[in-house]
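Treat the numbers as computed from the prediction; the structure is a model and nothing was measured. In what follows, chains are A, B, ... by sequence order, proteins preceding strands, each numbered from 1.
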Protein chains: 2
Amino acid sequence: MQVLRDHFEKIIPLSDAEFAYISSFFKQRKVMKKQFLLQEGDPVMHEYFVVKGCLKAYVVDSADKVHILSFALADWWTSDYQALYTHTPSSIFLEAVAPTEVYYIAQEDKERLCAEMHKVEHFWRKKNAMGYVGLQRRILSMLTHNAKDRYEQLLQQYPSLFQVVPKQDLAAFLGVSRETLSRLYSKKSG
Amino acid sequence: MQVLRDHFEKIIPLSDAEFAYISSFFKQRKVMKKQFLLQEGDPVMHEYFVVKGCLKAYVVDSADKVHILSFALADWWTSDYQALYTHTPSSIFLEAVAPTEVYYIAQEDKERLCAEMHKVEHFWRKKNAMGYVGLQRRILSMLTHNAKDRYEQLLQQYPSLFQVVPKQDLAAFLGVSRETLSRLYSKKSG
DNA sequence: AAATTCGTGTGATATAGGTCACATTACCCG
DNA sequence: CGGGTAATGTGACCTATATCACACGAATTT
């Protein structure tokens, strides 16, 4: 669990005892490519920390089209947060894009840790704040840029995504059809 | 500052002394319609809590088009968070859409309050978590719905916006041109 | 109340991107 | 290694939305 400790310690310093306590609430799980951590309708109980691999969180609309809400690479947290916080069934699928290893914690244990250790609550406040800013940037990118520019931004910001995630998934994340995405760099320009 | 106290107490109960301490860090400010709390390039030092009125946060692109990142009605927090956290100049404009009254707190005072009072850190973790979920929903809405559906969702979710905000601003928030928005409910359908 | 400015509606036209259909290639897996 | 499935490329065509231009009425300002 050293990766997890390093991850926490980027924001809050921890003694061995403190980390031992925190980590006692986490479990490990490995999923193969195309396996699910969550499917639509499932109860959502955990938040997942990706150690290696990649998860995609997506919805499927009434026309069976996939829309990707987020990718989670190593060092990212993911879940269906809306469902987690409101105790409603999952409205998303959480699926491994590649062989993936996660640590996960039950929502109630996380709340308990936050209540018991101010530091830990601080950690998650900071994480949430960063996540919020990241989503704002994505919204701004959707409002201000066309498909090609968004694709290039993504490429710049997360080059490692492109080694793991099929282009059709990137298209479903950017909000364009896979055909259009394909044409962006055959027709060429830029 | 009763509204602010009520707002905090929706999440954390406070004694008079505690609230007195918290509120000692807040100041009040009133802005008229079309006045700015932030302009692009300004240093960003505060987070704003809207007591009444409405603020819009937006960017202006190279073609002078306005893209609205968020509206803040009564009981909402707003600022340029990215700039606030990274101590960089504002990249947005924060402008009153109607006569508006805010309480505001310096970022460093907020951090201090969070460090001193676990409760307060809890409050903001919860707020951030809710905000994160809200942005995810907006992204999903942009990915899965066309302009008309998004407009109707917005209408449903924030009916009060429509009494304060001109339609061209709603268009700039939804990511459509004002002309298209105008046509959505003249051509009719739905 | 005249003059500006602001918000809105609407026509004509342009375009980015979507959809459908099929071919091609890469990737698994037995 | 050979067959099947998954991912990608590409052509032809379609559609939602953008853009430009202008008119009109409501609000603000003086």
Side-chain angles (χ1 to χ4, degrees), chain A residues 31-36 53-54 56 58 60-68 71 93 95-99 141-155 161-190, chain B residues 31-35 54 56 58 60-68 71 93 95-99 141-155 161-190:
Chain A
V31 280
M32 297 182 313
K33 195 168 165 171
K34 290 183 196 204
Q35 275 193 332
F36 294 94
C54 181
K56 61 179 173 184
Y58 63 93
V60 180
D61 70 16
S62 50
D64 287 324
K65 271 183 46 175
V66 167
H67 305 276
I68 297 185
F71 293 110
F93 295 87
E95 179 187 336
V97 174
S141 169
M142 295 177 88
L143 288 176
T144 58
H145 295 295
N146 62 20
K148 192 176 96 203
D149 292 348
R150 294 204 304 278
Y151 181 77
E152 274 154 24
Q153 276 189 359
L154 188 66
L155 194 96
L161 261 189
F162 294 73
Q163 283 135 17
V164 190
V165 177
K167 299 219 173 82
Q168 57 188 336
D169 283 353
L170 298 175
F173 176 84
L174 292 170
V176 269
S177 69
R178 53 163 210 87
E179 292 95 329
T180 295
L181 185 65
S182 166
R183 285 174 182 121
L184 291 182
Y185 48 96
S186 63
K187 302 259 165 166
K188 194 60 280 271
S189 49
Chain B
V31 281
M32 296 183 312
K33 194 168 165 169
K34 288 180 199 206
Q35 275 193 332
C54 181
K56 61 178 172 184
Y58 63 94
V60 180
D61 71 16
S62 50
D64 288 324
K65 270 182 46 173
V66 167
H67 306 276
I68 297 184
F71 294 109
F93 295 86
E95 180 186 334
V97 173
S141 169
M142 295 176 89
L143 288 177
T144 59
H145 295 295
N146 62 20
K148 193 176 95 203
D149 292 349
R150 295 204 303 278
Y151 182 78
E152 273 154 25
Q153 277 188 359
L154 188 66
L155 193 94
L161 261 189
F162 294 72
Q163 283 136 17
V164 189
V165 176
K167 298 215 174 86
Q168 56 188 337
D169 283 354
L170 298 175
F173 176 85
L174 293 171
V176 270
S177 69
R178 54 163 209 85
E179 293 95 329
T180 295
L181 185 64
S182 166
R183 284 174 183 121
L184 291 182
Y185 48 98
S186 63
K187 302 258 164 165
K188 192 58 289 261
S189 49

- [ ] Taking side chain to side chain donor-acceptor pair (under 3.5 Å) as the test, write out the residues that go with D61(B), two or more places apart.
- [x] H67(B)

Task: Partners passing ring-ring contact (aromatic ring centres under 6.0 Å, His included) against F93(A) (at least two apart in sequence or in another chain) - done: F36(A), Y58(A)

Open item on the list: So if I take residues 166-174 of chain A and measure heavy-atom distances to DNA chain D, which residues fall below 4.0 Å?
Closed with: P166(A), K167(A), Q168(A)

Collect all protein-nucleotide pairs involving nucleotides 18-24 of chain D in which both atoms are nitrogen or oxygen and the distance is under 3.5 Å.
{"from": "dA18(D)", "atom 1": "OP1", "to": "S177(B)", "atom 2": "N", "distance (Å)": "3.3"}
{"from": "dA18(D)", "atom 1": "OP2", "to": "S177(B)", "atom 2": "N", "distance (Å)": "2.9"}
{"from": "dA18(D)", "atom 1": "OP2", "to": "S177(B)", "atom 2": "OG", "distance (Å)": "3.0"}
{"from": "dA18(D)", "atom 1": "OP2", "to": "T180(B)", "atom 2": "OG1", "distance (Å)": "2.8"}
{"from": "dT19(D)", "atom 1": "O4", "to": "R183(B)", "atom 2": "NH1", "distance (Å)": "3.2"}
{"from": "dC20(D)", "atom 1": "N4", "to": "E179(B)", "atom 2": "OE2", "distance (Å)": "3.2"}

Could you list the donor-acceptor pairs under 3.5 angstrom formed by side chains in residues 161-175 of chain A, with sequence neighbours left out?
{"from": "K167(A)", "atom 1": "NZ", "to": "Y185(A)", "atom 2": "OH", "distance (Å)": "3.4"}
{"from": "D169(A)", "atom 1": "OD1", "to": "K56(A)", "atom 2": "NZ", "distance (Å)": "3.4"}
{"from": "D169(A)", "atom 1": "OD2", "to": "K56(A)", "atom 2": "NZ", "distance (Å)": "2.9"}

Task: For Q35(B), side chain to side chain donor-acceptor pair (under 3.5 Å) partners two or more places apart - done: none

- [ ] Return the minimal non-hydrogen interatomic distance between K34(A) and E95(A), and the atom names on each side.
- [x] CA-OE2, 3.5 Å

Open item on the list: In whole Å, I'd like the distance from the CG atom of L143(B) to the P atom of dG18(C).
Closed with: 11 Å

- [ ] Respond yes when some side-chain nitrogen or oxygen of S182(A) is under 4.0 Å from OP1 or OP2 of dT10(D), and no when none is.
- [x] no

Polar-atom pairs under 3.5 Å, protein N or O versus N or O of nucleotides 25-30 of chain C: list them with distances, or write none.
{"from": "dC28(C)", "atom 1": "OP1", "to": "K33(A)", "atom 2": "NZ", "distance (Å)": "2.9"}

TODO: Measure the CZ-CZ distance between R178(B) and R183(B) for me, rounded to the nearest 0.5 Å.
DONE: 9.0 Å

Task: Whole-Å gap separating C1' (dG18(C)) and CG (D61(A)) - done: 13 Å

TODO: Can you see which heavy atom on Q153(A) is nearest to which on S141(A), and at what distance?
DONE: OE1-OG, 2.8 Å

Task: Whole angstrom value for the distance that separates P of dT8(D) from CG of L184(A) - done: 14 Å

TODO: Go through E152(A) and L184(A) one step at a time and tell me if the side chain to side chain contact (heavy atoms under 4.5 Å, CB included) criterion holds.
DONE: CA-CA 10 Å; E152(A) 274 154 24; L184(A) 291 182; over 6 Å; no

Task: Helical bend (five base pairs per end, nearest 10°) for the helix from dA1(C)-dT30(D) to dG30(C)-dC1(D) - done: 60°

Open item on the list: What is the separation between atom CG on N146(A) and atom P on dT17(D), rounded to the nearest whole Å?
Closed with: 17 Å

